[in-house]
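In what follows, a single structure is set out as structure tokens and then discussed.
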Protein chains: 2
Amino acid sequence: MGGPEIERLIGLLAKLPGFGPRSGRRAALRMLQEPEARMMPLANALIEAARAVRPCSLCGNLDSRDPCAICADPHRDHSLVCVVEGVGDLWALERASVYRGLYHVLGGTLSPLAGIGPQDLSVGPLLARVEGGGVGEVILALGATVDGATTAHWLTDRLKPLGVPVTRVAQGVPIGGALDVLDDGTLAAALRARRPS
Amino acid sequence: MGGPEIERLIGLLAKLPGFGPRSGRRAALRMLQEPEARMMPLANALIEAARAVRPCSLCGNLDSRDPCAICADPHRDHSLVCVVEGVGDLWALERASVYRGLYHVLGGTLSPLAGIGPQDLSVGPLLARVEGGGVGEVILALGATVDGATTAHWLTDRLKPLGVPVTRVAQGVPIGGALDVLDDGTLAAALRARRPS
């Protein structure tokens, strides 16, 4: 049905999150009808992003600069560090435009059942950042899941002895929900109503 | 939020059919976390498909060979020509594995309201194929839409004087439906129950 090139393209498109074989075929067909306008720009964007984008060595955000644009921004409050599970959560908070501090991307949550311990997350670098000084508050913006709450509790126990105030986003995060699917208003309310952890 | 490379990638992914800004971000994030495993293979598949795939000069199917694998297959019945609106319809019929003749991709349907006339479709090449001889039946497999029915009627009027039997897929195509979203059983039934046009 059109040769191995088409089959391979459909197979890879079908693996995109939210896609399956049918939507993969549909996307492939749409693109094959305008290869120069649709396929080469996407191919070039993929190559360029794969070449340029790296995790920020300070916070773990994905950026083509290192330190990332957020860590390097002198207009942001460098004494505030907001801990998030993943870059998707960071993106969600940035879209809400309510937070002007820095971030720390944990890379997941503690999950004894899934065998994910502190050594699998960016915990050491977070503690080192706080020990290095200059951090006036750590905001834990983790999902309101069992693993998120466990992780927040565990991190609070590690951070408190370092003498830094630790807060948690609170009001507005629905129980069982992940942070990166919330609307901007809910995210803003949760940030404003943060309470001591 | 991560530099122009990420923004550009999200923007292009968001334009895929079925995708929007949210799913574009989700796909970009998933790929950026495994650039070598996810981004480069897709980039290469896009480049390779854009380079290799062309419309078949005989039937209009998309393939990396010309004539396409279907037109070049000696085991198929070269006296049968099935006229479809687009390559997606051809793919749907091939997945149903019930048709062993050749195809002719029309490239759309006549649509006076949208200003689409015979000169915008592959009508001339179809008539030339039939006039060239060797075609024992033309099967019109167009969608059961107003434009599809109009086109089938118009094509029948042009093909009949050439002395070739013209049939239409009939039973099982739901009114108002497009051909490439049907299940294989319905497609098979519609092919079997084709009637003189």
Side-chain angles (χ1 to χ4, degrees), chain A residues 1-13 15-19 22-33 35-36 38-56 61-65 68-70 86-88 90-92 94-95 107 180-181, chain B residues 1-13 15-19 22-33 35-36 38-56 61-65 68-70 86-88 90-92 94-95 107 180-181:
Chain A
M1 196 173 79
E5 294 85 356
I6 296 182
E7 297 291 343
R8 196 175 305 125
L9 178 60
I10 292 175
L12 288 166
L13 288 171
K15 282 199 260 176
L16 291 177
F19 263 25
R22 178 181 294 273
S23 33
R25 285 195 299 267
R26 194 161 145 243
L29 191 53
R30 175 83 67 89
M31 289 198 285
L32 283 164
Q33 279 154 353
E36 287 308 315
R38 291 181 181 270
M39 300 174 81
M40 295 315 289
L42 180 54
N44 291 331
L46 285 162
I47 290 168
E48 198 48 34
R51 183 194 63 75
V53 177
R54 292 285 174 275
C56 169
N61 182 23
L62 290 167
D63 202 319
S64 46
R65 302 166 55 177
C68 74
I70 293 173
V87 174
L90 184 159
W91 288 0
E94 286 300 292
R95 284 197 302 280
D180 66 352
V181 298
Chain B
M1 198 172 76
E5 295 86 358
I6 296 182
E7 297 291 344
R8 196 176 305 125
L9 178 61
I10 293 175
L12 288 166
L13 288 171
K15 281 198 259 177
L16 291 176
F19 264 24
R22 179 181 292 272
S23 33
R25 284 195 298 265
R26 195 161 143 242
L29 192 52
R30 175 82 68 90
M31 290 198 285
L32 282 165
Q33 279 155 355
E36 287 308 316
R38 292 180 179 270
M39 299 174 82
M40 295 314 288
L42 180 55
N44 291 331
L46 286 162
I47 291 167
E48 198 47 35
R51 184 193 62 75
V53 177
R54 293 284 174 275
C56 170
N61 182 24
L62 290 167
D63 202 319
S64 46
R65 303 166 54 176
C68 74
I70 293 172
V87 174
L90 184 159
W91 288 359
E94 286 300 291
R95 283 197 303 279
D180 65 352
V181 299

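Below, read A as the first sequence line, B as the second, and so on, with proteins coming before strands; counting in each chain starts at 1.
- For the set A49(A), G86(A), P35(A), the count of heavy-atom pairs under 4.5 angstrom toward chain B peaks at A49(A).
- To the nearest 0.5 Å, atoms CD (E48(A)) and CE (M39(B)) are separated by 10.0 Å.
- Between the CH2 atom of W91(B) and the CD1 atom of I6(A) there is a distance of 5.0 Å, given to the nearest 0.5 Å.
- Only the side chain of R22(B) comes within contact range of chain A, judged by heavy atoms closer than 4.5 Å.
- To the nearest 0.5 Å, atom CG of residue L32(B) and atom CZ of residue R54(A) are 10.0 Å apart.
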Assess the residue pair I47(B) and I47(A) against the criterion (side chain to side chain contact (heavy atoms under 4.5 Å, CB included)); give the C-alpha distance rounded to whole Å, side-chain angles, the decisive distance to 0.1 Å, and a yes or no.
CA-CA 11 Å; I47(B) 291 167; I47(A) 290 168; 3.9 Å; yes

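- Of all heavy-atom pairs spanning L12(B) and P41(A), the tightest one is CD1-O, 3.4 Å.
- In this structure, the portion of A52(A) lying under 4.5 Å from any heavy atom of chain B is its side chain and not its backbone.
- When P17(B), A45(B), P4(B), G11(B) are compared by the number of non-hydrogen pairs under 4.5 Å with chain A, P17(B) comes out ahead.
- Only the side chain of M40(A) comes within less than 4.5 Å of a heavy atom of chain B; its backbone N, CA, C and O stay farther away.
- In terms of non-hydrogen atom pairs under 4.5 Å with chain B, the most contact-rich of V87(A), L13(A), L46(A) is L46(A).
- R26(A) touches chain B through backbone and side chain together, each having a heavy atom under 4.5 Å away.
- In this structure, R38(B) places its CZ atom where more than 12 heavy-atom neighbours from other residues, nucleotides or ligands lie under 6.0 Å away.
- Your options are C56(A), C68(A), A27(A), S23(A), and the one with the most heavy-atom pairs under 4.5 Å with chain B is A27(A).
- When heavy atoms are compared at a cutoff of 4.5 Å, L9(B) approaches chain A by way of both its backbone and its side chain.
- For S64(A), the parts lying under 4.5 angstrom from a heavy atom of chain B are both the backbone and the side chain.
- With rounding to the nearest 0.5 angstrom, the CZ atom of R30(A) is 9.0 Å from the CG atom of L16(B).
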